[in-house]
Amino acid sequence: MLMPKLVRVRFAPSPTGYLHIGGARTALFNFLFARHHEGQFLLRIEDTDVSRSKEEAVQQIFNSLRWLGLEWDEEPVYQSDRIHRYQKICQDMLAKGKAYYCFCTQEQLDKKREIARKEKRDYQYDRTCLQLLDAVIHEKLSKGVPRTVRFLVPEGQTTFQDMIHGKITVQHSQIDDFILLRSDGQPVYHLAVVVDDHDMKITHVIRGDDHLSNTPKQILLYQAMGWPLPSFVHVPLILGPDQKRFSKRHGAISVEIYKDKGYLPDALINFIALLGWAPKKNEEILSIADLIVRFSIKGIHKKSAVFDEQKLLWMNGVYMRSKHPEDLYDAVVDVLRSHALIDAFKDRQNILKYIHLMKDRVKTLQEFASKGDYFFKDPVAYDEKGIKTYWNAKNVKDLFSQLKTRIANIHPWNEQSIEKCIRELAEKQNMQAGEIMHPTRLALTGVSASPGLFELIVFLGKETAILRLEKAMKYLDLKSGLQDEVGQLK
RNA sequence: GGCGCGUUCGUCUAGUGGCCUAGGACGCCGGCCUCUCACGCCGGUAGCACGGGUUCGACUCCCGUACGCGCUACCA
């Protein structure tokens with residue numbers, strides 16, 4: 001029996017842009033694995049490519065992770081702070097003959113690659129600089145000729161065990177003498193990852209399987225340094241609807257965009273957790289706590305999954321309905337404010353009531369603004385189809401007139417008395433209650449779908465309800481006037 | 001091109017040789033509930049990429065083919 005191993009994992013984004021869905025899921029898997037094993041979840045910023053790294057991106061990534069609830073342990077490690085460490089490791093490898101200086105220029109290399117391409121040969125660095133005499137190397141070094149450091153790939157093959165894919169073997173003949181240190185002294189990815197994962201005492205490297213092919217290179221580095229290997233876990237990528245790697249081409253890809261679209265963080269977490277991973281039982285709705293309990297690398301698939309926003313939308317609706325209005329309050333206020341609808345809702349209780357009425361029929365936060373604007377704004381138009389079906393009867397205006405009077409006299413102002421009022425009117429008119437309610441809803445909201453009419457009227461208040469009925473009556477007058485004119489013209 | 005990885009309904013998935021007449025979820029379609037919408041409930045639609053083995057028996061094991069994705073940079 002193995003002793004339980006201390007688990008330390010890391011999420012290592014490069015700060016070239018926002019945190020995207022794929023990155024978020026990789027971070028989530030790392031997070032879940034760490035929390036499940038009561039280990040550490042660390043962050044490392046891979047900013048060795050100075051030209052592509054941006055400080056704002058780092059903050060964006062932090063914000064997105066926090067919004068998702070993926071809190072990390074310890075201070076994030078910045079690779080840009082560790083240049084000297086990488087250079088030192090390179091010196092060691094140079095001294096041990098595991099690496100060599102290369103003075104070839106970018107242009108020379110490009111040319112060789114081009115020739116190989118034309119001759120339909122596979123290109124691999126030809127080791128020109130490996131043949132250099134020590135004296136020549138020293139001379140170039142002392143003159144400060146720009147140079148890189150290349151890893152000397154040994155003969156043979158590398159086999160390693162991936163926790164998802166199993167045994168993987170790659171022939172060294174397939175591996176180029178890759179560059180360790182760029183001519184500007186910056187390390188290249190493979191070197192930095194290996195050194196950092198070792199120094200950070202990472203036990204499990206959990207990352208996208210786009211890194212699978214490169215893993216042997218890194219294993220060679222571990223071996224060259226005489227370091228123990230971490231476990232490798234290569235999770236499948238997330239694909240767009242066209243089955244291609246999920247990217248900007250697919251439109252919405254950053255976590256931030258999903259936040260702006262009105263998705264809830266726990267819904268997004270739940271959804272991406274299920275992309276490429278499944279719990280043992282057929283469970284679909286899982287809180288982050290549930291996910292932590294259930295998470296296991298065994299449940300991760302080999303196959304990449306397509307991101308299906310429709311299912312996300314459904315899941316978000318499930319979360320929306322399960323929330324208490326208080327939990328949604330801040331987010332909804334933000335949305336209402338951004339749509340300039342907030343003034344009508346100075347009262348917190350009012351907004352909570354609104355959330356209560358709407359949350360069951362809304363799938364995103366955004367819809368609190370787009371689907372319920374009539375709660376705080378008089379309708380500016382009436383749904384055409386609604387007009388045809390509900391306002392065609394001749395007595396509609398008269399109905400509204402009677403309703404108006406009755407509403408004015410309702411006391412106390414509550415659901416029960418409003419319902420009673422409408423049902424009594426229906427009885428008196430010898431009509432079905434619905435025959436009054438539908439036209440009324442249209443008058444009050446401008447649309448034909450809304451929360452329960454009685455609750456809605458309570459919410460609007462006596463004054464607004466009467467005002468809107470009057471407005472509808474005016475519209476009806478105008479409409480019939482127009483029809484008369486048309487009739488006369490004929 | 002070379003190398004690596006992958007392949008169950010449109011999508012997310014269950015399934016580790018007989019329990020599979022392949023189960024669930026989203027979507028879609030129909031119905032019920034109902035003041036509308038949404039929710040909920042009931043029902044339906046649709047899949048083991050293909051071809052060879054192995055086996056008494058393959059979705060499950062092996063081999064090939066096809067297709068897809070990834071890697072192949074002084075990117076990560």
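Every chain is numbered from 1 and lettered A, B, ... according to where its sequence line falls, protein lines coming before strand lines.
- If you look at A:F11 and A:W72, their ring centroids are not closer than 6.0 Å.
- A sub-4.0 Å separation between OP1 or OP2 of B:A76 and a side-chain N or O of A:T48 is present.
- Rounded to a whole Å, the CG atom of A:L221 is 14 Å from the P atom of B:A76.
- Nearest nucleotide to the A:L109 side chain, out of B:G27, B:G6, B:C74: B:C74.
- Listed by first and then second residue, the salt bridge (Lys or Arg N to Asp or Glu O under 4.0 Å) pairs that reach into residues 308-318 of chain A are A:K261-A:E309, A:E284-A:K311, sequence neighbours excluded.
- Rounded to whole Å, atom C1' of B:A76 lies 13 Å from atom CD of A:Q186.
- Between the P atoms of B:C42 and B:U55, the separation comes to 46 Å (whole Å).
- The pairing partner recorded for B:U72 is B:G1, the criterion being a Watson-Crick or G-U wobble arrangement whose two distances lie under 3.5 angstrom.
- Taking only side-chain atoms of A:L274, from C-beta outward, the nucleotide of B:C12, B:A73, B:C74 with the closest atom is B:C12.
- Among B:C75, B:C12, B:C35, the nucleotide with an atom closest to any side-chain atom of A:D49 is B:C75.
- Between A:S448 and A:E46, the residue anchored nearer the 5' end of RNA chain B, judged by the nucleotide with its closest heavy atom, is A:S448.
- Taking the P atom of each, B:U7 and B:C19 are spaced 22 Å apart, rounded to whole Å.
- For B:A14, the OP1/OP2 oxygens have a side-chain nitrogen or oxygen of A:H301 closer than 4.0 Å.
- A:E114 pairs with exactly one of A:K112, A:R117, A:K111 by the salt bridge (charged side-chain N to carboxylate O under 4.0 Å, His left out) rule, that one being A:R117.
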List every contact pair, protein side and nucleotides 65-70 of chain B side both N or O, where the distance is under 3.5 Å.
residue: B:C69; atom: OP1; partner: A:K244; partner atom: NZ; Å: 2.6
residue: B:G70; atom: O3'; partner: A:R245; partner atom: NH1; Å: 3.3
residue: B:G70; atom: O2'; partner: A:D210; partner atom: O; Å: 3.4
residue: B:G70; atom: N2; partner: A:S213; partner atom: OG; Å: 3.3

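- Between the side chain of A:K311 and the base of B:A25, a donor-acceptor pair under 3.5 Å is found.
- Residues A:F31 and A:L65 fail the side-chain proximity criterion, which asks for heavy atoms closer than 4.5 Å.
- Between the C1' atom of B:U11 and the CD1 atom of A:I272 lies a distance of 17 Å, rounded to the nearest Å.
- In this structure, CZ of A:F178 is placed 16 Å from C1' of B:C3, rounded to the nearest angstrom.
- Here the nucleotide nearest the side chain of A:K303, chosen from B:A14, B:C12, B:G27, is B:C12.
- At a threshold of 4.0 angstrom between heavy atoms, the contacts of A:K120 with the nucleic acid are absent.
- For an aromatic pair to be called close, the ring centres must be under 6.0 Å apart, and A:F271 with A:F307 satisfies this.
- When side chains are defined from C-beta on, A:I466 counts as touching A:I407, because their heavy atoms get closer than 4.5 Å.
- In this structure, A:L229 and A:I219 have side chains that are in contact, with non-hydrogen atoms separated by less than 4.5 Å.
- Using a 4.0 Å heavy-atom cutoff across all strands shown, A:T16 reaches no nucleic acid atom at all.
- Between B:C75, B:G27, B:U13, one nucleotide has an atom nearer to the side chain of A:A305 than all others, and that is B:U13.
- Nearest to the side-chain atoms of A:V188 among the listed nucleotides B:G4, B:C75, B:G24 stands B:C75.
- Nucleotide B:A66 forms a pair with B:U7, judged by Watson-Crick or G-U wobble geometry with both contacts under 3.5 Å.
- Within the structure, salt bridge (Lys or Arg N to Asp or Glu O under 4.0 Å) pairs that include any residue of residues 264-283 of chain A comprise A:D266-A:K323, A:E283-A:R294 (at least two apart or interchain).
- One can place CD1 of A:I418 at 17 Å from P of B:C35, the figure rounded to the nearest angstrom.
- Both A:K280 and A:L453 lie close to RNA chain B; mapped to their nearest nucleotides by heavy-atom distance, the more 5′-ward contact belongs to A:K280.
- When the P atom is used for both B:C69 and B:C63, the distance is 24 Å, rounded to whole Å.
- As judged by a 4.0 angstrom heavy-atom cut-off over every strand, A:I168 is placed among residues touching the sugar-phosphate backbone only.
- If you check B:C48 for Watson-Crick or wobble pairing at under 3.5 angstrom, you find it has no partner at all.
- Between A:R113 and B:C74, a side-chain N or O to OP1/OP2 separation shorter than 4.0 Å is present.
- The shortest distance between side-chain heavy atoms of A:T445 and A:F375 does not fall below 4.5 Å.
- A cation-pi arrangement is absent between A:R44 and A:Y78 under the rule of less than 6.0 angstrom and at most 45 degrees off the ring axis.
- Atom pair A:E284:CD and B:G27:P shows a separation of 11 Å (rounding to whole Å applied).
- When distances run from any side-chain atom of A:V306 to the nucleotides B:U36, B:C75, B:C12, the shortest one goes to B:C12.
- Regarding contacts with the backbone of B:G6, a side-chain N or O of A:H165 is found under 4.0 angstrom from either OP1 or OP2.
- If you check every strand for non-hydrogen atoms under 4.0 Å, A:P451 touches a base.
- Between A:F295 and A:F29, the ring center distance clears the sub-6.0 Å criterion.
- The CD atom of A:E424 sits 18 Å away from the P atom of B:C35 (whole-angstrom rounding).
- In this structure, B:U54 makes no Watson-Crick or G-U wobble pair, since no nucleotide meets both defining distances under 3.5 angstrom.
- No option in A:W391, A:Y374, A:Y390 other than A:W391 meets the ring-ring contact (aromatic ring centres under 6.0 Å, His included) test with A:Y382.
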Below 3.5 Å is the cut-off: list the nitrogen or oxygen pairs between protein and nucleotides 38-40 of chain B, distance only.
residue: B:A38; atom: O2'; partner: A:D360; partner atom: O; Å: 2.8
residue: B:C39; atom: O3'; partner: A:R321; partner atom: NH1; Å: 3.2

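- Residues meeting the side-chain contact (heavy atoms from CB on, under 4.5 Å) test with A:V362, sequence neighbours left out: A:M320, A:M358, A:E367, A:F368.
- A donor-acceptor contact closer than 3.5 angstrom links the side chains of A:D47 and A:S80.
- Of the candidate nucleotides B:A14, B:C75, B:U36, B:A14 has the atom lying nearest to any side-chain atom of A:A278.
- Base pairing analysis places B:C19 opposite nothing; no Watson-Crick or G-U wobble pair with both distances below 3.5 Å involves it.
- Between A:H190 and A:F178, the distance separating the two ring centers is shorter than 6.0 angstrom.
- Using a 4.0 Å cut-off, no side-chain N or O of A:R150 falls inside it from OP1 or OP2 of B:A73.
- Between A:F459 and A:H356, a ring centre-to-centre spacing not shorter than 6.0 Å is recorded.
- Taking atom CD1 of residue A:I238 and atom C1' of nucleotide B:U13, one finds them 15 Å apart after rounding to whole Å.
- Closest approach to the A:H190 side chain among B:C5, B:A76, B:A14 is made by B:A76 (side chain taken as heavy atoms from C-beta onward).
- Using the Watson-Crick or G-U wobble rule with both distances under 3.5 Å, B:C32 pairs with B:G40.
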Can you give me the N/O atom pairs linking the protein to nucleotides 47-50 of chain B at distances under 3.5 Å, or say none if there are none?
none

